[in-house]
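Below you'll find the structure, written out as structure tokens, and then a few comments.
Heavy-atom basis, side chains included; hydrogens, waters and symmetry copies ignored. Everything quoted here is computed from the prediction, not taken from an experiment. We name chains A, B, ... by the order of the sequence lines, and we start the count at 1 in each one.
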2 protein chains.
Amino acid sequence: MNIEKIISCIDHTLLKQDASAEDIYKLCEEALTYKPASICIPPFYVRSAVSYLDGKVPVCTVIGFPNGYQTLKSKLYEVCDAIGEGADEIDMVISIAALKSGLFDYVRDEIGLLRQACADKVLKVIVETSLLTEEEKIRMCEIVTDARADYIKTSTGFASGGAELSDIELFKTHIGPDVKIKAAGGIRDPETAWRFIEAGVSRIGSSSVLRMIGSEQIKT
Amino acid sequence: MNIEKIISCIDHTLLKQDASAEDIYKLCEEALTYKPASICIPPFYVRSAVSYLDGKVPVCTVIGFPNGYQTLKSKLYEVCDAIGEGADEIDMVISIAALKSGLFDYVRDEIGLLRQACADKVLKVIVETSLLTEEEKIRMCEIVTDARADYIKTSTGFASGGAELSDIELFKTHIGPDVKIKAAGGIRDPETAWRFIEAGVSRIGSSSVLRMIGSEQIKT
């Protein structure tokens, strides 16, 4: 297990609906100490965190989160707003509603338009694997590839299930060479994070992995 | 227990992130048969449902849902968009993040601006009781009253807890005379709905109460 590698893959995350400014401040402090890939926080806190971190750690936020069933117009507005607030990375939730209604072109067009709105920012597409059939997961791999998103991401952490190693295998088989994988939801310790990295994941969304690494370092 | 009264208080609700167009169609059909107060559905489906119901049942949708931590600008855009799509009623989630950060004026101003954007549409303010202290619940009663929202609503149904009769008592003590109460989250049968109505609730959000009433009527 390579701790440095794990840290470099972590989106240090706090998306609880009752997270306070103080909680976000602590998250920023931890990020400044350990330099994870990013912090992932609610849109409400993006501007303050960007200002506080001053370019030292990228700030990621979430769009259409966690249910994905806002209108396309609202999601586009939300992305532009987040980028205006200074977000470096965008984790969007697909319209699971559209997918479940068989509107595959809508799902593709939505991601494509958000891709354009993101310009050079990193775009991750959350498909919420626990709610999808295997066929739908494969379809989403194709759509995310077509729409030229940077990442396919397993889960929001707010649905019934989280990241599964079997889904990483499935994604690897069906995404294009330019799409990376982010695993999130239920990854709570460095050992689990490492298993996902070994399976081919480039980013890990977790609220606890970085904290556990920090506690270990203080103990030893 | 007065079944007609219960039906007249129900916001017949389907907010699961994987609800398909067919699921929403069934919800609309049930609403046309039983005439509840409204149907409450994701923004994604508002335009179709408004067109399908053709004014026979009001359409309610959700804003900043369920976590409430979008920016104020994004929530305002989302409300205007929902009204443009034809929504008759708006259930917004407060910025629990701002409340937990002690930014009470922000919470009040946000609701006030959404109130203005809603104009004559019904505005319900979801405070997510299960995440609040008693002091915060009382504060929200005052803020919702000040901001002239139509309803204070207990829960999204997506947090750890739902509606509690003790919260209805608390709300009744602290809201102004023009504010009504909507209870939602975990109200699954007509008996429970009736207990909340007797406690002083004017609206009930539930995905199952209307269906159970319908099944009973077919049995007898």
Side-chain angles (χ1 to χ4, degrees), chain A residues 14-25 41-48 61-82 84-85 87 93-103 106 110 126 128 130-133 136 156-160, chain B residues 14-25 41-48 61-82 84-85 87 93-103 106 110 126 128 130-133 136 156-160:
Chain A
L14 184 53
L15 292 169
K16 288 195 313 181
Q17 58 273 61
D18 58 350
S20 70
E22 194 180 329
D23 298 327
I24 298 292
Y25 165 75
I41 58 173
F44 179 75
Y45 289 117
V46 165
R47 191 194 298 218
S48 318
T61 195
V62 289
I63 299 300
F65 191 88
N67 290 347
Y69 51 42
Q70 294 81 355
T71 63
L72 170 51
K73 277 186 291 176
S74 287
K75 282 167 138 175
L76 268 175
Y77 184 90
E78 211 185 350
V79 162
C80 295
D81 184 39
E85 301 274 301
V93 183
I94 63 160
S95 178
I96 307 162
L99 183 67
K100 293 291 181 182
S101 304
L103 301 170
Y106 180 97
E110 182 173 85
I126 309 172
E128 202 69 287
S130 70
L131 298 177
L132 307 191
T133 64
E136 286 164 347
T156 60
F158 282 82
S160 47
Chain B
L14 184 54
L15 292 169
K16 289 196 312 182
Q17 58 273 62
D18 58 349
S20 69
E22 195 180 328
D23 299 327
I24 299 293
Y25 164 75
I41 59 173
F44 180 75
Y45 289 117
V46 165
R47 190 194 298 217
S48 317
T61 195
V62 288
I63 299 299
F65 191 88
N67 289 348
Y69 50 43
Q70 294 81 356
T71 63
L72 170 52
K73 277 187 293 176
S74 285
K75 282 167 137 174
L76 268 175
Y77 184 91
E78 211 185 349
V79 162
C80 295
D81 184 40
E85 301 273 301
V93 183
I94 63 161
S95 179
I96 306 161
L99 182 67
K100 293 290 180 181
S101 303
L103 301 170
Y106 181 98
E110 182 174 85
I126 308 173
E128 202 69 286
S130 70
L131 299 177
L132 306 191
T133 64
E136 288 164 344
T156 61
F158 281 82
S160 48

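The aromatic rings of B:Y77 and A:Y77 sit parallel to each other, their planes meeting at less than 30°, with 60° as the upper class boundary.
Top candidate by heavy-atom pairs under 4.5 Å with chain A, chosen from B:S74, B:P66, B:S20, is B:S74. Put simply, of A:L103, A:I24, A:D81, A:L132, the one with the most heavy-atom pairs under 4.5 Å next to chain B is A:D81. The residue among A:E85, A:K73, A:K100, A:R47 with the most heavy atom pairs within less than 4.5 Å of chain B is A:K73.
Both the backbone and the side chain of B:T71 come within contact range of chain A, with heavy atoms under 4.5 Å apart. Both the backbone and the side chain of B:D18 have a heavy atom closer than 4.5 Å to some heavy atom of chain A. For A:Q70, the parts lying near chain B are the backbone and the side chain together; criterion is any non-hydrogen pair under 4.5 Å. For chain A, the nearby parts of B:L15 are the backbone and the side chain; heavy atoms of each come within less than 4.5 Å. At a 4.5 Å heavy-atom cutoff, the contact between B:F65 and chain A is made by backbone and side-chain atoms alike. In this structure, chain A has no heavy atom under 4.5 Å from any part of B:A82. Heavy-atom distances place no part of B:Y25 under 4.5 Å from chain A, backbone and side chain included. Contacts between B:A19 and chain A at a heavy-atom distance below 4.5 Å involve the backbone alone (N, CA, C, O).
Summarising the geometry, atom CZ belonging to B:F44 is positioned 11.5 Å from atom CD1 belonging to A:I96; distances are rounded to the nearest 0.5 Å. Atoms CD and OG, on A:Q17 and B:S160 in that order, are 7.5 Å from each other to the nearest 0.5 Å.
The environment of NZ in B:K16 is sparse: at most 12 heavy-atom neighbours from other residues, nucleotides or ligands sit within 6.0 Å.
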Trace of the side-chain contact (heavy atoms from CB on, under 4.5 Å) decision for A:S101 with B:Y45 = CA-CA 11 Å; A:S101 304; B:Y45 289 117; 3.0 Å; yes
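Using a 4.5 Å cut-off on side-chain heavy atoms (C-beta onward), A:N67 and B:P42 make no contact.
Salt bridge status for B:K75 with A:E78: absent, with no side-chain N to carboxylate O gap under 4.0 Å.
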